[in-house]
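Note sheet for the following structure.
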Amino acid sequence: MPELPEVETIKRQLGEVLVGLTITDFWLDTPKMVIGKSEELIKTKVVEVRRRAKLIEIDLNNGRTVLIHLKMTGQLLYQDNSSKTYQDKPLPPLKKSTPNKSTHVIFTFDNGAKLYFNDLRKFGYIKILPTNDVEHTRILSEFGPEPFDPDLTLENFITRLKKRKTMKIKQLLLDQKFLAGVGNIYANEALFKANIDPRKKVAELSEEQMKELFKQVKNVLEVGIKAGGASDQTYVNAFGEKGKFMDYAVVYRRKGKPCETCGAKIERIALGGRGTFFCPKCQL
DNA sequence: CGCCGGACCTGTGGGC
DNA sequence: TGCCCACAGGTCCGGC
């Protein structure tokens, strides 16, 4: 499910509501989805909520952090008495209110609030570990730069690109070691905006295309954040609301529909097993 | 080390 | 209507 803009949206919402709350109870029904000792969470207070790539990090005041990966169909729903939070309405994909059979973890807080972790496909996970170890955990230590990191200059981006000459550009964008946070929707959309054929190898890209790609990757992610994420199927934010990015998506999941620029039919192919959508006329 | 296919899960939607 | 297959915002692992 969520890529950088979706996770960023959830992170910002959770930062607003969780900081300062104390965890009083923790429930789970699928042990393989929780790594670490959940008893370490009880009576700890939330200090900060952060994001790295597609992971949410909830820092606690006992030196522990809760890492959460939503993978394809994970949802984090926060509910308290205030009307702006999630209030039991039916949500995709099951069209049922939460909690339901896809609810695998529930945090309870000292103000009576709940944080539900739903995940239809059970790919997601929660990991409890020392805050100091977070950046050394394998998935995090190998991540490439955040797209909006000021240290990631155009020159730096191009240098990193040129080290991966034989890789197809679409697959490289999905490689979290190259760039952290881009997923399938935004990779497809960025390549369209940059007029680049997703099958092209990095070595075949012009300097101008690399420059345009850098710009457009950041652009689509920014539009995604402003739209509150992309609700193609199951995504909702921490308050149960859908994002609006699919209103701006021009190729993703639009096979057979006309390209908004030239009218040619959008094609779908598989690259690395992932659906890849592009305009055969505009993307070279 | 690089790349690829399959695995992990459950549900939906389209075609016949 | 019902069945079967393709497909789904992501990693991770084993094999060549």
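Throughout, protein chains are lettered first and strands after them, A, B, ... in sequence-line order, and every chain is numbered starting at 1.
Residue A/M72 contributes atom CE, which lies 6 Å from atom P of C/dG10 at whole-angstrom precision. Computed from coordinates, the A/L70 CG to B/dC9 P distance equals 18 Å when rounded to whole Å. For the pair A/K177 NZ and C/dT11 P, the computed distance is 11 Å after rounding to whole Å. Going from atom NZ of A/K170 over to atom C1' of C/dG10 covers 12 Å, rounded to whole Å. Atom pair A/F178:CZ and B/dC3:C1' shows a separation of 17 Å (rounding to whole Å applied). At whole-Å resolution of the value, CD in A/Q171 and P in B/dC3 are 8 Å apart.
Nearest-nucleotide positions on DNA chain C for A/R268 and A/K54 put A/R268 closer to the 5' end.
Checking the phosphate oxygens (OP1, OP2) of C/dT11, a side-chain nitrogen or oxygen of A/H69 falls inside 4.0 Å.
Among the atoms of the strands shown, only primed sugar atoms or phosphate atoms (P, OP1, OP2) are found under 4.0 Å from some heavy atom of A/N184. Among the heavy atoms of the strands, none lies under 4.0 Å from A/S102. Here A/K32 lies in heavy-atom contact (under 4.0 Å) with sugar-phosphate atoms only. At the heavy-atom level, A/F277 lies under 4.0 Å from the strands shown only through sugar-phosphate atoms. Looking at heavy-atom distances under 4.0 Å, A/L94 makes contact with sugar-phosphate atoms alone, never a base.
For A/K122, the listed nucleotide lying nearest its side chain is B/dC9; candidates were C/dG10, C/dC13, B/dC9.
Spacing between B/dC9 and C/dC13 at atom P, rounded to whole Å, works out to 14 Å.
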